[in-house]
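This report refers to the structure that appears directly beneath it.
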Amino acid sequence: MLNRTLSRYRKKIKNTILNIIFSPIRAFRRNYKQAKSAIKLFVFHPVDALRMYQGQLKSAARGLIFHAIVLAFGLVMIYPLIWMLASSFKGPSEIWTRTTSLIPNELSLDNYRSGWKGFAGISFSTYFKNSLWVSGVSTVASVFSSAIVAYGFARIRFTGKKFWFAVMLSTMMLPAQVQLIPQYIMFSKLHWINSYNPLIIPRFFGMPFFIFMMVQFIRGIPIELDEAAEIDGCSRGGIFFRIILPLIKPALGTSAIFAFYWSWDDFLTPLIYLNDPRKYTVAVALRNFADPSSVTNWGAVFAMGILALVPVFLLFILFQRYMVEGISTTGLKG
Amino acid sequence: MTSVLQKDVSKVGLDKRTVAQKGKKHWRHNNLMGYLFISPWLIGFLGLTLIPIATSLALSFTHYDILSGHVEWTGLENFKRMFYDDPRYWRAVRATFKFAFISVPLKLLFALLVADLLYNARRFVGVYRAIYYAPSIVGGSVAVAVMWRQIFSGRGLVNDLMLEVGLERKLWLGDIKYAIWTLILMAVWQFGSPMLIFLAGLKQIPNEYYEAASIDGAGAISKFTRITLPLLTPVIFFNLVMQLIFSFMTFTQAYVVSGGTGKPLDTTLFYSLYVYIRSFGVGANMGYGSAMAWVMLVVIAAFTGVIFLSSRFWVFYDTTEN
């Protein structure tokens with residue numbers, strides 16, 4: 001079985017590679033005659049040639065200018081990020097003397113080595129472990145609970161459904177600050193301060209953005225599938241697990257990406273609830289690491305900053321399509 | 001023949017009744033199942049949103065010290081102090097409004113222009129989209145906020161670039177004139193997500209409109225102002241509401257860049273930062289923090305309401321579609 005799929009993919013890969021290699025050659029061959037006559041024309045009758053190809057030349061020039069502008073502006077946009085990446089590899093002397101340069105004289109890993117040691121005897125491996133644990137559990141919890149709620153809203157007719165759905169949508173616009181203080185009091189009464197519970201437990205109750213997106217998605221699945229399963233004796237739970245969940249995988253994926261990303265980037269919640277430096281997440285640790293009153297080693301701060309951005313960037317590069325789709329269809333904040 | 005027909009009719013009648021019975025039972029069953037399925041959210045909504053918000057309202061009329069657990073009913077004292085005796089509060093309001101009212105329009109403007117630009121690009125759209133969206137994907141993180149602080153610090157990147165061009169160094173973060181502009185610039189820099197929403201909106205506009213306009217001799221600018229803009233107003237409306245709310249709630253950037261104090265002279269003391277300082281800082285009074293948070297809720301609701309009401313006059317819904 002494995003062998004067969006492997007061989008199939010091998011064939012596919014081989015074909016793709018062959019295509020990439022040979023398609024320019026093929027294209028060249030096809031256009032060879034045309035190109036030859038065009039070149040001839042340009043060499044021997046330049047004025048006529050210019051007149052003949054005026055339109056094409058104009059649009060080519062316009063395209064070139066367009067792409068140059070878009071690219072230049074884009075480079076300005078990501079310049080700070082590239083600069084940060086470059087600075088993280090600069091040696092201790094270079095980081096102050098050649099601030100503006102984008103290419104380090106020598107690739108030095110000193111910043112990463114010294115940064116990883118962290119502060120107060122706690123290395124960044126602790127913070128990364130903490131963050132991965134918190135974000136991992138939060139992601140699974142919020143995606144799964146949101147899917148359950150979304151199924152209820154999308155497929156079951158019950159009294160008050162429209163009302164609750166509207167309420168849910170309106171909570172998306174609620175400023176978190178209003179709930180923050182009472183939640184803090186509640187969690188401190190439960191002795192959850194300095195634990196990950198306040199960061200994780202609320203994620204078990206579904207998140208409106210994800211619920212909204214999944215509801216849209218489930219509505220696109222033909223209801224006949226549910227009915228057929230019901231006739232075959234499938235229960236509500238069975239329909240949810242065996243039919244809906246597998247079919248909304250793209251929506252689950254998009255939600256998972258955003259859930260992880262928000263949890264990873266969250267700063268206010270861990271700032272409020274975690275006091276023990278050993279329990280800090282990467283975000284809080286990084287901010288303490290870069291404390292204006294104590295920081296001297298900017299290179300190490302940049303290095304750890306880059307490492308903190310790696311998971312986010314990986315998600316973005318691997319699942320760009322899902323993210324773009326998620327933002328475009330629901331207006332999720334990026 | 002007739003008997004068969006009659007049989008059929010009677011069968012249908014029977015079926016109808018059972019279906020009705022089944023339906024009623026089914027309906028009740030659905031009620032139970034419906035609430036069972038949405039119960040995670042419903043419980044969370046009651047326990048983590050509704051009750052906290054109500055508690056927050058009650059707390060706003062008290063003096064509440066979390067360390068000693070001492071609660072005292074003070075009536076409207078918090079609001080009085082906030083509005084009349086707390087100059088820092090008004091500086092926070094000013095900083096937040098300035099930030100929101102400058103950064104949001106600029107952000108949307110850039111988002112719209114770049115989206116229109118990318119929409120017209122035939123090649124490399126994916127690459128460009130990724131480049132322009134990259135700042136937004138990392139922008140909310142502490143790492144980038146820390147970087148921003150370094151870029152605008154005394155010996156940071158911007159000052160060094162200024163030196164190379166032949167200008168003088170400036171204390172960007174220490175100057176009351178410039179500090180907030182570094183944060184506004186950072187917010188505008190992250191125009192990626194409204195841009196993606198605009199791009200999706202642009203794709204919805206039927207090409208025939210542009211073709212018809214071309215035949216009538218419309219230029220690029222009049223096409224943009226007469227077709228693109230009106231048809232995008234629903235998307236602009238959505239982006240405006242969301243971005244305004246987000247900008248009112250900005251916390252991480254202000255906290256990290258200003259070192260958690262809103263310096264210099266409270267010019268970067270954003271509202272949520274001040275709520276945080278008053279609720280969790282030294283000598284915290286959670287009653288006062290709650291009162292501030294509630295005013296924020298009301299103000300945000302008011303702004304959203306005004307935008308919603310005004311939308312009748314400027315949001316255009318294309319009724320020819322569908």
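First the proteins, then the strands, lettered A, B, ... as listed; each starts at 1.
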Tell me, with the steps shown, if B:Val144 and A:Leu81 meet side-chain contact (heavy atoms from CB on, under 4.5 Å).
CA-CA 8 Å; B:Val144 167; A:Leu81 298 175; 4.2 Å; yes

Go through the steps to decide whether A:Met84 and B:Ile151 satisfy the test side-chain contact (heavy atoms from CB on, under 4.5 Å), and finish with yes or no.
CA-CA 9 Å; A:Met84 185 181 178; B:Ile151 284 181; over 6 Å; no

Would you sort out whether A:Tyr261 and B:Ile137 count as a side-chain contact (heavy atoms from CB on, under 4.5 Å), showing the intermediate values?
CA-CA 9 Å; A:Tyr261 165 50; B:Ile137 203 77; 4.3 Å; yes

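With chain B as partner, the option from A:Val76, A:Val312, A:Leu309 having the largest number of non-hydrogen pairs under 4.5 angstrom is A:Leu309. Note on A:Pro208, A:Ala150, A:Pro80, A:Ala176: by heavy-atom pairs under 4.5 Å with chain B, the leading option is A:Pro80. When the candidates A:Pro202, A:Gly305, A:Ala283 are compared by the number of heavy-atom contacts under 4.5 Å with chain B, A:Ala283 comes out ahead. Heavy-atom pairs under 4.5 Å with chain B were tallied for A:Gly237, A:Gly152, A:Ser145; the largest tally goes to A:Gly152. Note on A:Trp264, A:Phe316, A:Phe313, A:Phe240: by heavy-atom pairs under 4.5 Å with chain B, the leading option is A:Phe316. Among B:Met292, B:Met286, B:Lys203, the residue making the largest number of heavy-atom pairs under 4.5 Å with chain A is B:Met286. Top candidate by heavy-atom pairs under 4.5 Å with chain A, chosen from B:Thr49, B:Thr55, B:Ile300, is B:Thr49.
Relative ring orientation between A:Phe73 and B:Phe191 is described as parallel, the plane-to-plane angle staying below 30° on a 0-90° scale split at 30° and 60°.
In this model, no donor atom of one side chain and acceptor atom of the other lie less than 3.5 Å apart for B:Asn30 and A:Arg155.
Of the atoms belonging to B:Tyr276, it is side-chain heavy atoms, and not backbone ones, that fall under 4.5 Å from chain A. Contact annotation for B:Ser290: both backbone and side-chain heavy atoms come within less than 4.5 Å of a heavy atom of chain A. For chain A, the nearby parts of B:Leu161 are the backbone and the side chain; heavy atoms of each come within less than 4.5 Å. Heavy atoms of A:Phe165 lying under 4.5 Å from chain B are absent altogether. The contact between B:Val114 and chain A is made entirely by side chain atoms (from C-beta outward), counting heavy-atom distances below 4.5 Å. Proximity to chain A involves both the backbone and the side chain of B:Leu196, based on heavy atoms less than 4.5 angstrom apart. The contact between B:Leu42 and chain A is made entirely by side chain atoms (from C-beta outward), counting heavy-atom distances below 4.5 Å. Contacts between B:Phe248 and chain A at a heavy-atom distance below 4.5 Å are absent for every atom of the residue. Proximity to chain A (any heavy atom under 4.5 Å) is restricted, for B:Glu164, to the side chain, taken from C-beta onward. Looking at B:Val235, neither its backbone nor its side chain comes within 4.5 Å of chain A, counting heavy atoms on both sides. Residue contact with chain A, scored on non-hydrogen atoms closer than 4.5 Å, involves the backbone and the side chain of B:Leu48 alike. No part of A:Ile201 comes within reach of chain B, as not one of its non-hydrogen atoms sits under 4.5 angstrom from that chain. Heavy atoms closer than 4.5 Å to chain A are found in the side chain of B:Thr304, but not in its backbone. Heavy-atom distances place no part of B:Ala301 under 4.5 Å from chain A, backbone and side chain included. For A:Ser146, no part lies near chain B; criterion is any non-hydrogen pair under 4.5 Å. Neither the backbone nor the side chain of B:Phe198 comes within less than 4.5 Å of any heavy atom of chain A.
Within 6.0 Å of CZ on B:Phe110 lie no more than 12 heavy atoms contributed by other residues, nucleotides or ligands.
Using a 4.5 Å heavy-atom cutoff, the side chains of A:Phe158 and B:Ile38 are in contact. Within the 4.5 Å cutoff, the side chain of A:Phe66 has heavy atoms near those of the B:Leu117 side chain. At least one side-chain heavy atom of A:Tyr79 sits under 4.5 Å from a side-chain heavy atom of B:Leu157. Contact check for B:Thr252 versus A:Arg287: no side-chain heavy atoms found under the 4.5 Å cut-off. Looking at B:Tyr255 and A:Leu271, their side chains come closer than 4.5 Å, going by heavy atoms from C-beta outward. Side-chain contact between A:Gln179 and B:Ser56 is absent, with no heavy-atom pair separated by less than 4.5 Å. The shortest distance between side-chain heavy atoms of B:Ile43 and A:Phe204 does not fall below 4.5 Å. Side-chain contact check for B:Ser279 versus A:Leu180: every heavy-atom pair is 4.5 Å or farther apart.
Taking every heavy atom of both residues into account, A:Met77 and B:Pro135 meet most closely at CE-CG, 3.7 Å. Summarising the geometry of B:Tyr128 relative to A:Leu71, their closest heavy-atom pair is CE2-CD1, 3.5 Å, with the distance given to 0.1 Å. Looking at every heavy atom in both residues, A:Val178 comes nearest to B:Ala293 through CG2-O, 3.6 Å. Residues A:Ile181 and B:Gly289 come closest through the heavy atom pair CD1-C, 3.4 Å. Looking at every heavy atom in both residues, A:Ile148 comes nearest to B:Pro40 through CG2-CG, 4.5 Å. Closest non-hydrogen pair, A:Ser188 versus B:Ile66, comes out as OG-CD1, 4.0 Å.
Interatomic distance, CG of A:Leu286 versus OG of B:Ser141, reported as 8.0 Å (0.5 Å rounding). Put simply, OH on B:Tyr133 and CD1 on A:Ile78 are 15.5 Å apart, with the number rounded to the nearest 0.5 Å. Here the CD atom belonging to B:Gln150 is positioned 7.5 Å from the OG atom belonging to A:Ser87, to the nearest 0.5 angstrom. Rounded to the nearest 0.5 Å, atoms CH2 (B:Trp41) and CD1 (A:Ile211) are 7.5 Å apart. With rounding to the nearest 0.5 angstrom, the CE atom of A:Met168 is 11.0 Å from the CZ atom of B:Phe45. Atom OG1 of A:Thr171 sits about 10.5 Å away from atom CG of B:Leu50, to the nearest 0.5 Å.
For an aromatic pair to be called close, the ring centres must be under 6.0 Å apart, and A:Phe153 with B:Phe37 fails this.
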